[in-house]
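Counting convention: from 1, in listed order, for ligands and their atoms alike. Just so you know, these numbers come straight off a predicted model, no measurement behind them. The analysis underlying the following values was restricted to heavy atoms, covering all of them including side chains, and did not include hydrogens, waters or symmetry mates.
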Amino acid sequence: MTLLALETSCDETSAAVVRNGVVLSNVVSSQIKLHAEYGGVVPELAAREHLKNLLPVAQSALHDAGVSARELDAVAATQGPGLAIALLVGFKAGQAVAFALNKPFIGINHHEAHLYSPWIQRADAAPGTAKPTRLISGFAHFQPSVSLIVSGGHTLLVHIESELRHRVLGGTIDDAAGECFDKTGKLMGLAYPAGPIIDRLAAGGNPAAHDFPRPLLHDANDDFSFSGLKTSVRYFIRDHPALLDDPQKLRDLCASIQAAIVEVLVKKTIRAAKREGVRCVTASGGVSCNSRLRHELEQACQRHGLTLRLAEKGLCTDNAAMIGILAERKLLAKAPLPPLDAEVKPGWALA
Ligand code: KG4
Ligand code: ZN
């Protein structure tokens with residue numbers, strides 16, 4: 001099966017071609033620079049950029065894959081959740097291409113795609129060959145797991161009981177982890193998105209310099225809350241404004257905020273994994289790029305005898321490869337296809 005996948009739920013325009021579990025191409029055009037000056041994603045601008053970029057991005061994906069549109073057996077696109085007018089661009093384009101080719105079209109839940117993205121793995125090239133490594137489906141190695149999805153919009157803990165069967169255990173009751181990185185970064189005067197900048201600055205800072213709250217860490221549920229941590233950072237900066245002008249103190253502040261966010265994420269994920277009786281933990285979404293989160297999860301999983309599968313770094317942030325791999329799996333499992341007049345679902349929650 002050869003499938004074209006499109007992703008336009010937020011500020012990345014992406015297209016991928018997947019064939020029989022192999023990602024033949026994955027083109028991502030990021031709008032980060034465009035939105036940076038506004039301190040966050042502006043939906044109207046995002047949609048216009050998607051309209052401008054989608055066809056060239058899809059054309060590059062087909063070109064990189066060496067596949068012509070006529071060879072496609074199916075088309076997939078993100079149906080939700082996300083920004084309504086951004087989702088519309090990729091979803092309607094996907095429907096139109098499938099309609100013109102008279103091939104099946106499938107709408108994919110963006111979070112479900114993140115959820116299964118750790119099961120996309122790098123296939124090493126055969127020794128002695130010049131071939132680059134490829135991304136392939138790792139579903140053959142699937143095992144029941146507890147999965148942490150951490151992005152700019154969501155923080156979710158999910159129990160994946162078997163392939164394509166999962167249950168949400170908990171999620172954030174206010175800000176998402178990525179939002180906490182971005183908003184505390186804004187308070188420190190850092191550019192949007194601040195997550196990667198905090199990660200970089202924190203590498204040279206002391207994570208124990210300041211003791212910020214670890215919200216809901218000891219609560220029995222699997223929910224998260226990050227708005228109190230953000231408020232605590234706001235008051236701290238109000239009371240110590242000079243600290244932002246001292247590069248080392250800024251690094252210490254970044255390291256301390258990051259340590260608070262990561263400790264809650266890691267401890268609650270491991271606790272849920274032990275309670276659900278799984279042997280595997282996975283993590284995905286933009287924040288799973290975070291170096292401390294990756295390191296702490298590795299250490300904690302090792303201590304508790306759990307296998308860890310982290311999404312490949314290039315697949316943590318939004319991309320169409322994860323849409324394509326999940327879509328192919330669903331088509332093979334004979335998942336229901338949306339009707340021709342299906343609409344986007346901006347608030348489509350993962351069940
Ligand atoms: O999954 P994603 O690309 O978009 C959403 O669906 O939200 O995630 C974007 C989020 C942003 O909040 C960004 O600051 C955060 O991921 N992020 C990071 C890192 N890289 C991206 N947060 C912390 N450390 C990073 N290295
Ligand atoms: Zn995402």
Side-chain angles (χ1 to χ4, degrees), residues 5-14 26 28-33 35-36 39-41 43 46 77-83 86-87 90 108-118 120 147-156 158 171-172 175-188 190-203 205 207 224 226 229-230 254-255 257-266 283-297 310-323 326 346-350:
L6 305 174
E7 154 64 40
T8 64
S9 65
C10 190
D11 58 348
E12 252 95 32
T13 314
S14 182
N26 180 40
V28 183
S29 166
S30 175
Q31 306 175 5
I32 279 186
K33 283 203 184 104
H35 299 287
V41 178
T78 306
Q79 190 168 8
L83 304 170
L87 285 165
I108 293 293
N109 180 300
H110 180 83
H111 289 142
E112 196 177 354
H114 273 305
L115 180 68
Y116 289 101
S117 64
I120 304 174
S147 184
L148 175 70
I149 310 176
V150 264
S151 72
H154 290 267
T155 302
L156 287 171
V158 185
T172 183
D175 289 353
E179 224 173 333
C180 188
F181 272 107
D182 295 340
K183 287 181 176 171
T184 55
K186 196 169 179 182
L187 294 171
M188 290 186 275
L190 304 179
Y192 173 86
I197 306 173
I198 293 180
D199 190 355
R200 212 168 43 244
L201 290 172
F224 299 95
F226 290 105
L229 170 55
K230 178 187 65 192
C254 287
I257 295 168
Q258 180 175 272
I261 298 172
V262 167
E263 184 179 339
V264 180
L265 293 175
V266 172
S284 61
V287 180
S288 69
C289 282
N290 184 268
S291 27
R292 186 175 176 96
L293 178 61
R294 292 174 89 87
H295 177 75
E296 294 288 307
L297 270 177
L310 295 167
E312 282 280 332
K313 274 206 165 174
L315 298 181
C316 289
T317 46
D318 295 345
N319 65 86
M322 66 181 187
I323 305 295
L326 178 62
W348 191 5
L350 199 63

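- At a heavy-atom cutoff of 4.0 Å, ligand 1 is contacted by the side chain of His114 but not by its backbone.
- Within the structure, the closest approach of Gly153 to ligand 1 falls below 4.0 Å when heavy atoms are considered.
- Scanning the protein for heavy atoms near atom 9 (C) of ligand 1, the closest one is Gly152 N, 3.7 Å.
- Per-residue contacts place Thr317 under 4.0 angstrom from the following atoms of ligand 1 (heavy atoms of the residue considered): 3 (O).
- Ligand 1 has no nitrogen or oxygen under 3.5 angstrom from a nitrogen or oxygen of Ala194.
- A distance of 4.5 Å separates CD of Gln31 from OG1 of Thr13, quoted to the nearest 0.5 Å.
- At a cut-off of 2.8 Å, His114 coordinates the Zn ion (ligand 2) through an N, O or S atom.
- With hydrogens and angles ignored, the 3.5 Å screen pairs no side-chain donor or acceptor of Asp11 with any backbone N or O of Ile32.
- By the 30° and 60° cut-offs, the orientation of the rings of His110 relative to His114 is perpendicular.
- At a cut-off of 2.8 Å, His110 is counted among the residues with an N, O or S atom near the Zn ion (ligand 2).
- For the atom pair NZ of Lys183 and NZ of Lys230, the computed distance is 4.0 Å after rounding to the nearest 0.5 Å.
- Of the options Asp318, Ile323, Asn109, a side chain to side chain contact (heavy atoms under 4.5 Å, CB included) to Ser9 is made by Asp318 and by none of the others.
- At least one donor-acceptor pair under 3.5 Å links the side chain of Asp182 to the backbone N or O of Gly195.
- Using a 4.0 Å cut-off to heavy atoms of Ser151, the atoms of ligand 1 that qualify are 1 (O), 5 (C), 6 (O), 7 (O), 8 (O).
- Less than 4.0 angstrom separates some heavy atom of Gly286 from each of these atoms of ligand 1: 1 (O), 2 (P), 8 (O), 16 (O), 17 (N), 18 (C), 19 (C), 20 (N), 21 (C).
- Comparing heavy-atom distances from atom 18 (C) of ligand 1 across Ser291, Ala202, Gly285, Gly195 singles out Gly195 as nearest.
- Checked against a 3.5 angstrom limit, the closest N/O atoms of Asp199 and ligand 1 fall inside it.
- Checking Ile149, Val41, Asp318, Leu293 against atom 4 (O) of ligand 1, the nearest heavy atom belongs to Asp318.
- Annotation for ligand 1: atoms under 4.0 Å from non-hydrogen atoms of Gly178 are 12 (O).
- Considering backbone and side-chain N/O of Asn290, one or more are found under 3.5 Å from N/O of ligand 1.
- Close contacts of ligand 1 with Cys289, meaning ligand atoms under 4.0 Å from a residue heavy atom, involve 20 (N), 26 (N).
- Counting only distance, with no hydrogens or angles, the side chain of Thr78 and the backbone of Gly80 share no donor-acceptor pair below 3.5 Å.
- Distance check: Phe181 CZ to Ile261 CD1 gives 4.0 Å after rounding to the nearest 0.5 Å.
- Nearest N/O/S atom of Asp318 relative to the Zn ion (ligand 2): this is OD1.
- Panel note: side chain Thr155, backbone Ala177; a donor-acceptor pair is recorded below 3.5 Å.
- Around atom 11 (C) of ligand 1, the closest heavy atom drawn from Val262, Asp182, Val28, Val287 belongs to Asp182.
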Practice task
Please lay out, stage by stage, how Glu7 and Asn319 fare under the test side-chain hydrogen bond (donor to acceptor under 3.5 Å, both in side chains).
Solution key: CA-CA 6 Å; Glu7 154 64 40; Asn319 65 86; over 6 Å; no
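- Atom CE of Met322 and atom CD of Glu112 lie 11.0 Å apart (nearest 0.5 Å).
- A donor-acceptor distance shorter than 3.5 angstrom exists from the side chain of Arg294 to the backbone of Ser288, with no hydrogens or angles considered.
- Contact annotation: His110 has at least one heavy atom less than 4.0 Å from an atom of ligand 1.
- Residue-ligand proximity: Arg200 is placed with every non-hydrogen atom at 4.0 Å or more from ligand 1.
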